[in-house]
There are 2 protein chains.
Amino acid sequence: MTQDDSPPAAAQPDRFAHAREAQAVALLEDYVEMIGDLMAELGEARVADIALRMGVAQPTATKAVARLKREGLAVSRPYRGVFLTDSGAELADRVRARHRTVVAFLVAVGVPEEVAELDAEGMEHHVSATTLRAFEAFLAEKG
Amino acid sequence: MTQDDSPPAAAQPDRFAHAREAQAVALLEDYVEMIGDLMAELGEARVADIALRMGVAQPTATKAVARLKREGLAVSRPYRGVFLTDSGAELADRVRARHRTVVAFLVAVGVPEEVAELDAEGMEHHVSATTLRAFEAFLAEKG
DNA sequence: TTTTAAATATAGCCGTGGCTATATCGCATG
DNA sequence: CATGCGATATAGCCACGGCTATATTTAAAA
């Protein structure tokens, strides 16, 4: 209208859809990883501990567990501990490994440890398999 | 209960709170950047174009604009275009610069262009000022 | 000028992910 | 074996960020 009559460029909405998608699974990944940690440390994951570590109120953790169960990532009986299914455990392992790689990579390019830990928590969910492999390659040859 | 009686480690819930916080502003950042782009290209940002580029329905874009106005990042009169405030424009510039840096950095460490673009869209919102500086330093000396 | 089409706004719905308050259950203890 | 406490679940609230359907307004065309 002011200076350009070209169409508004039916642009790249997919990029954003993609990021939204990643965000949708991010929380599930965090919860699954945390439950995996708790199972490794304590033998079981209790809702109270999940809530404590995630920094949320207990009913919020309960709701999250319900979602995990719906997604087939966890199982639990009322008033008992929460356990990961096979696919949940597999996801937890992948998430944990990715987290470690991202942190190590950030540190390798000069980010201070604590900052790397903080930033990785949000970044990791958006790191694709391709990018993760690039990080690993970088660490391998520059280690 | 099973093997460890130590307290469940009143862990690092702050990490997650931090990531949640970053997520909260991520969408606002995307909208602001997009509006900045549209203003630069077309002289004004219309809700329809914002919706088109963000890949959302038009009422979703309208709602987002309302939020931007509440946050003091944009202004608009009913049925007219949307414009950024000074602080909105400043934010748009910062976001755009950060986006470019993150993409360039990913490419520099071996991530294919298109993947870098895709991953950056989600990652960038979690890249702290410290990490961004590390990326810039890396690019500078490794250019 | 009147009519119509396109753009914007509004209403109302859904799921997510937080919260507080409260009910219910399980277990250890008395 | 009763009871009380801690852990879990449920109810119900809120804001966000999507959506569709519909009303309203602007702008263009007849």
Side-chain angles (χ1 to χ4, degrees), chain A residues 1-2 5 7-8 10 13-14 16-32 34-35 38 42 44-71 73-83 122 125, chain B residues 1-2 5 7-8 10 13-14 16-32 34-35 38 42 44-71 73-83 122 125:
Chain A
M1 198 123 3
T2 306
D5 56 0
D14 307 349
F16 297 104
H18 182 264
R20 265 178 254 133
E21 175 74 16
Q23 188 51 38
V25 294
L27 256 205
L28 291 192
E29 290 182 348
D30 281 337
Y31 276 104
V32 162
M34 176 119 304
I35 292 171
L38 287 167
L42 309 174
E44 73 170 353
R46 297 180 329 160
V47 170
D49 294 338
I50 297 169
L52 182 62
R53 295 220 184 169
M54 291 296 293
V56 300
Q58 169 261 310
T60 301
T62 299
K63 263 205 217 176
V65 168
R67 224 169 333 120
L68 293 179
K69 289 169 75 173
R70 264 196 285 120
E71 303 280 340
L73 297 169
V75 289
S76 76
R77 302 194 336 262
Y79 295 98
R80 312 305 290 270
V82 180
F83 300 89
H125 303 288
Chain B
M1 193 103 45
T2 305
D5 57 357
D14 306 350
F16 298 102
H18 182 263
R20 266 179 254 134
E21 174 73 17
Q23 189 52 37
V25 292
L27 256 205
L28 291 191
E29 290 182 348
D30 281 337
Y31 276 104
V32 162
M34 176 118 305
I35 292 171
L38 287 167
L42 308 174
E44 72 169 352
R46 297 180 329 161
V47 170
D49 294 338
I50 297 169
L52 182 62
R53 296 220 181 170
M54 291 296 293
V56 299
Q58 168 259 313
T60 301
T62 300
K63 262 203 217 177
V65 168
R67 222 168 336 117
L68 293 179
K69 289 168 75 171
R70 264 196 283 119
E71 303 281 340
L73 297 169
V75 289
S76 76
R77 302 194 335 263
Y79 293 97
R80 312 306 290 269
V82 179
F83 300 89
H125 303 289

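Naming convention: chains lettered A, B, ... in sequence-line order (proteins, then strands); numbering from 1 in each chain. Source: prediction; values computed, not measured.
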Query raised in the report: If you look at every strand shown and take non-hydrogen atoms under 4.0 Å, does B:Phe16 touch a base, only sugar-phosphate, or nothing?
Result: nothing
Over all heavy atoms of both residues, which pair between [X] and [Y] is shortest? Give the atoms and the distance, please.
| X | Y | result |
| --- | --- | --- |
| B:Ala45 | B:Ile35 | CB-CG2, 3.7 Å |
| A:Phe16 | B:Met54 | CB-O, 3.8 Å |
| A:Val82 | A:Ala74 | CG1-CB, 4.0 Å |
| B:His125 | B:Ala22 | O-CB, 3.8 Å |
| B:Gly55 | A:Arg20 | O-NH2, 3.8 Å |

Could you state the [atom1]-[atom2] distance from [X] to [N], rounded to the nearest angstrom?
| X | N | atom1 | atom2 | result |
| --- | --- | --- | --- | --- |
| B:His18 | C:dG18 | NE2 | P | 16 Å |
| A:Leu28 | C:dG15 | CG | C1' | 13 Å |
| B:Met54 | D:dC16 | CE | C1' | 14 Å |
| A:Ile50 | C:dG18 | CD1 | C1' | 16 Å |
| B:Leu68 | C:dT8 | CG | P | 15 Å |
| A:Arg20 | D:dC19 | CZ | C1' | 12 Å |

Report task. Quick one: list whatever passes side chain to side chain donor-acceptor pair (under 3.5 Å) with A:Lys69, sequence neighbours left out. Result -> A:Ser76
Report each atom pair, protein N/O against N/O of nucleotides 8-10 of chain D, whose distance is under 3.5 angstrom.
residue	atom	partner	partner atom	Å
D:dT8	OP2	A:Ala48	N	3.0
D:dT8	O3'	A:Tyr79	N	3.2
D:dA9	OP1	A:Tyr79	N	3.3
D:dA9	N7	A:Gln58	NE2	2.8
D:dA9	N6	A:Gln58	OE1	3.2

